[in-house]
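Here's the structure we're looking at; comments come further down.
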Amino acid sequence: MKRLMEIIMTYITLNEYDIELLKKTIDRRVYNKNEFLFNEGIVANESYFVERGCVRLFYNVEGNDKTAFFYTEDQFICAGESYTYNIPAAENYQAVEQTEILIFTKEKTEKLLIEAPKFEIIARIAVENELIMCQKLIASFVTKSAEERYINLLNTQGELFQRVPQQYIASFLGISPETLSRIKTRVLNKIRY
C-alpha cells in the first residue's frame with residue numbers, strides 16, 4: 001500500500017484521516033501463478049492495483065487465448081466497460097506469477113468518494129494511464145512490424161521476457177511462437193554483427 005500512497009501523493013496531499021479512509025477501502029489479496037483475478041462473462045465490481053507481480057489480460061477467441069496486455073507493478077487494472085455499464089466482461093485477468101493485488105470494490109470506493117471526493121484522482125490516474133497504454137498499443141500495431149514491436153517490448157519492458165511464458169509474449173505481439181523464435185534469432189544476429 002505504501003507505493004500506492006506515494007503515487008497518489010504525487011497528485012494530492014493526504015492527511016491521516018484520508019490515509020485511514022483509504023486503508024479501510026482497500027483489501028489485499030495474493031494470487032498464485034495462473035490463478036484468475038477475473039473471468040469473462042462476469043460483471044466487474046472491482047478494480048485492482050498491482051503491488052507486486054504480473055497479470056495477463058487476455059480474450060478467449062474461438063477457444064484460443066489472445067493476450068492483449070501485461071500489467072506489472074504500480075499499474076491499475078479494471079474491466080472498464082463492464083465496471084462502468086454493469087455488463088458482462090469480455091476479458092480475463094490471470095496472474096502470470098505470484099501476484100499481490102490491492103482490491104477496490106465498487107461499493108467501498110463509492111463510500112470513499114462520498115467521504116473524501118479528492119480520491120477521484122485515483123480513478124483519473126487509472127483511466128489516463130489505461131488510455132495512454134491503449135493508444136500506444138494501437139499505434140504499434142498500425143505503424144510497426146512484428147519485429148519492431150518485439151524490439152520495442154524488449155527495450156521498454158524487457159523484464160517480461162524473464163517473467164512471462166513465451167507463448168503469451170508471442171500472442172501479445174500478434175505472432176506465432178515460431179515467428180517469435182525467428183525474430184529473436186534475427187535480432188540477436190543483428191546485435192552480434
ask   = Which residues pass the side-chain contact (heavy atoms from CB on, under 4.5 Å) test with E46, sequence neighbours left out?
value = Y48, I103, T105
key: Minimum heavy-atom distance between P165 and V96, given as atom pair plus value   = CD-CG1, 3.7 Å
query = Is a side-chain N or O of T99 found less than 3.5 angstrom from the main chain of G53, in a donor-acceptor match?
reply = no
message = Within the supplied structure, the quantity of interest is the number of heavy atoms (other residues, nucleotides, ligands) at a distance under 6.0 Å from K118 NZ; does it exceed 12?
response = yes
task = Decide yes or no for E115 and K24: does some side-chain heavy atom of the first lie under 4.5 Å from some side-chain heavy atom of the second?
result = no
task = Kindly compute the distance separating CD1 (I121) from CD1 (I8), expressed to the nearest 0.5 Å.
result = 9.0 Å
inquiry  = Taking the ring of Y93 and the ring of F69, is the distance between their centroids below 6.0 Å?
reply    = no
key: Step-by-step side-chain contact (heavy atoms from CB on, under 4.5 Å) determination, L173 to T179   = CA-CA 10 Å; L173 294 171; T179 301; over 6 Å; no
task = Please determine which of D18, L14, L4 meets the side-chain contact (heavy atoms from CB on, under 4.5 Å) test together with M9.
result = L14
task = Could you tell me the separation between the SG atom of C54 and the CD atom of Q157, rounded to the nearest 0.5 Å?
result = 8.5 Å
query = Can you tell me how far the CD atom of Q98 sits from the CZ atom of R52, to the nearest 0.5 Å?
reply = 9.0 Å
Between OH on residue Y150 and CG on residue N155, distance to nearest 0.5 Å = 9.5 Å
note = Interatomic distance, CG@L112 vs CG@L21, rounded to 0.5 Å, equals 6.0 Å
request  = With sequence neighbours excluded, give me every salt bridge (charged side-chain N to carboxylate O under 4.0 Å, His left out) pair touching residues 171-185.
outcome  = none
query = So do the side chains of D74 and V50 get within less than 4.5 Å of each other, counting heavy atoms only?
reply = no
query = Quick check: does any side chain N or O of E148 sit under 3.5 Å from a backbone N or O of S145, one acting as donor and the other as acceptor?
reply = yes
inquiry  = Before you tell me yes or no, could you show the steps for R29 and E35 under side-chain contact (heavy atoms from CB on, under 4.5 Å), namely the whole-Å CA-CA distance, both residues' side-chain angles and the distance that decides it to 0.1 Å?
reply    = CA-CA 12 Å; R29 178 152 185 223; E35 189 175 355; 2.7 Å; yes
request  = Tell me whether F70 is reachable from L37 by hopping between hydrophobic residues (I, L, V, M, F, W, Y) whose side-chain heavy atoms are closer than 4.5 Å.
outcome  = yes
remark   = Between I19 and M5 the two heavy atoms that sit nearest each other are CG2-CE, 3.5 Å
query = Do R149 and S140 have side-chain atoms, one donor and one acceptor, less than 3.5 Å apart?
reply = no
key: Common cluster, F104/V127, ILVMFWY with side-chain heavy-atom separation under 4.5 Å   = no
message = Within a 6.0 Å radius of atom CD on E6, are there more than 12 heavy atoms belonging to other residues, nucleotides or ligands?
response = yes
request  = Compare every heavy atom of N15 with every heavy atom of Y17, then report the nearest pair and how far apart it is.
outcome  = N-OD1, 3.0 Å
message = One thing to verify: whether R124 and E128 come together as a salt bridge, which I'm taking to mean a side-chain N less than 4.0 angstrom from a carboxylate O.
response = yes
task = Calculate, to the nearest 0.5 Å, the distance between atoms CG and CG belonging to N92 and D65 respectively.
result = 7.5 Å
message = Check this for me, if you would: do R3 and E100 make a salt bridge, where the nitrogen-to-carboxylate-oxygen distance has to be below 4.0 angstrom?
response = no
query = Between E147 and R186, is there a salt bridge with N-O shorter than 4.0 Å?
reply = yes
ask   = Quick check: does any side chain N or O of T185 sit under 3.5 Å from a backbone N or O of S181, one acting as donor and the other as acceptor?
value = yes
Residue among R163, R56, K33 satisfying salt bridge (charged side-chain N to carboxylate O under 4.0 Å, His left out) with E97 = R163
task = Please report the shortest heavy-atom distance between A44 and S82, naming the atom on each side.
result = N-OG, 2.7 Å
note = Heavy-atom nearest pair, L22 first then M1, reads C-CE, 4.1 Å
task = Start with the C-alpha gap between Y83 and K106, add the side-chain angles, then the distance that decides, and say whether side-chain contact (heavy atoms from CB on, under 4.5 Å) holds.
result = CA-CA 8 Å; Y83 187 93; K106 191 181 266 193; 3.6 Å; yes
ask   = When clusters are formed by joining ILVMFWY residues with side-chain heavy atoms under 4.5 Å apart, either directly or through shared neighbours, do Y71 and F172 land in the same one?
value = yes
key: Shortest non-hydrogen contact from P88 toward G41   = CB-O, 3.6 Å
ask   = Under 3.5 Å, is there a donor-acceptor pair linking the side chains of K136 and N152?
value = no
ask   = Should L102 and F36 be counted in the same cluster of Ile, Leu, Val, Met, Phe, Trp and Tyr side chains packed under 4.5 Å apart?
value = no
request  = Give the intermediate values and the outcome of salt bridge (charged side-chain N to carboxylate O under 4.0 Å, His left out) for residues K111 and E107.
outcome  = CA-CA 6 Å; K111 285 181 184 176; E107 182 182 336; 3.7 Å; yes
message = Would you say V43 ends up clustered with F38 if hydrophobic residues are merged whenever their side chains have heavy atoms under 4.5 Å apart, either directly or through other cluster members?
response = no
ask   = Are I122 and T109 close enough, and set up right, to give a side-chain contact (heavy atoms from CB on, under 4.5 Å), and what steps lead you there?
value = CA-CA 10 Å; I122 296 172; T109 301; over 6 Å; no
